[in-house]
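Notes follow the structure.
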Protein chains: 2
Amino acid sequence: MTQELFAKYSFLLDRTARKVKQYAQHQFKTGEFDVTVDQWLVLKNLSENELLSQTELANLVFKDHPTLTRIIDLLCKKGYVERVPHPQDRRSFQLLLTESGSAKVSALKPKILEIREKAWENLTTRDFEEFKRILDTIYQNLDCQIGEE
Amino acid sequence: MTQELFAKYSFLLDRTARKVKQYAQHQFKTGEFDVTVDQWLVLKNLSENELLSQTELANLVFKDHPTLTRIIDLLCKKGYVERVPHPQDRRSFQLLLTESGSAKVSALKPKILEIREKAWENLTTRDFEEFKRILDTIYQNLDCQIGEE
DNA sequence: TACCAATAGTTAGTATGACAAATATAAAAA
DNA sequence: TTTTTATATTTGTCATACTAACTATTGGTA
């Protein structure tokens, strides 16, 4: 039975995901990027889609609402993002990159692509396709299962 | 240039790793396992290697020392693990599973293998080999890079 | 012996992640 | 119109991750 073997995927996955984040975070720090890896993900998505609500953004980046609230708090404090009251719905905000935020995204984008490339040394486009297929399959297998007992 | 494409691996990886942990944690909670996913990883490794020091265990599970200190604190509080003073080195401890800890490992092991299988539906042994190869390559590419600027 | 660098572990601070519960507002139903 | 239900966001709590700094101890060396 290969049950035991398969069971290791969770360990390998977790270990590698942490390493990837750790490596990037270290480069971010060395380069004085002034944002964390997760804050960058949020900034990048805001630069590609303006006037999102927090809920819309949360769905894009796959983070839950409390986490996103806190990340946005920090980005606002740093002056990269603003919460603009939604004109029709007083419960929600429209998120806006400030000038400083836009400048930050432009400045960091190429550097971050370069950092991200490092992990992919010795791997091919085909590897990427396989990797993506497997990750997506795992995600699908586990998604929406919570709630049915 | 496929740079932008490759850059997505970090997002996919992080997203999937979180989903895997979240799914398992939910099952742990439903089954009243009384441990978290990370606590389980530590317990399992202790059951396979007794009398480890915290440093040795940290290397096995790829967690840093402060994180491990806290996980072990919690496992001690729950009565599953004991810190025994090292006979030759008063700085360090030997970690020991209690009877209750051993019983917990035996009880949970089969249930957790079952939970872990869910993610692997629609995927093959060959997929697993590919997956492992790619994850390990990424890990190697980024390991030991921290420190050289 | 006295100093000093290395090692084992802990503590503190900040960020993220998950979950539950609370608040405010909006929309639907009675 | 009042009540109910749903939605958007925030707050609180606990666990994990990473960094830096700290304590205690060990081992080497002058």
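In the text below, chain A, chain B and the rest are named by the order of the sequence lines, each starting its count at 1. This structure is a prediction, so every number in the text was calculated from the model and none was measured.
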Do A:L13 and A:L135 make a side-chain contact, defined as non-hydrogen atoms from C-beta onward lying under 4.5 Å apart?
yes
Nearest listed nucleotide, side chain of B:K63, among C:dA26, C:dT16, D:dA17
D:dA17
Send over the distance from A:D38 CG to D:dA17 P, rounded to a whole Å.
14 Å
With a non-hydrogen cut-off below 4.0 angstrom, is B:T67 in contact with a base, only sugar-phosphate, or nothing?
base
In terms of the nearest nucleotide of DNA chain D, which residue is placed more toward the 5' end: B:Q88 or B:D64?
B:D64
Under-4.0 Å salt bridge between B:K111 and B:E114:
no
Here the side-chain hydrogen bond (donor to acceptor under 3.5 Å, both in side chains) pairs for residues 65-79 of chain B, sequence neighbours left out, are B:Q39-B:K78, B:D64-B:T67, B:D73-B:R83
Counting any heavy atom closer than 4.0 Å, what does A:Q39 reach on the DNA or RNA strands: base, sugar-phosphate only, or nothing?
sugar-phosphate
Would you mind checking if A:E129 and A:K132 are paired as a salt bridge, meaning a charged N to carboxylate O distance below 4.0 Å?
no
For nucleotides 1-11 of chain D, 5' to 3', base contacts (B), sugar-phosphate-only contacts (S) and non-contacts (-) with protein non-hydrogen atoms under 4.0 Å give -----BBSBBB
Assuming nearest nucleotide by heavy-atom distance, tell me which of B:L74 and A:K29 is located more 5' along DNA chain D.
B:L74
Ring pair (Phe, Tyr, Trp, His ring centres under 6.0 Å) contacts in which one or both residues fall within residues 105-132 of chain A, not counting sequence neighbours
A:W120-A:F128, A:W120-A:F131, A:W120-B:F6, A:W120-B:Y9, A:F128-B:F6
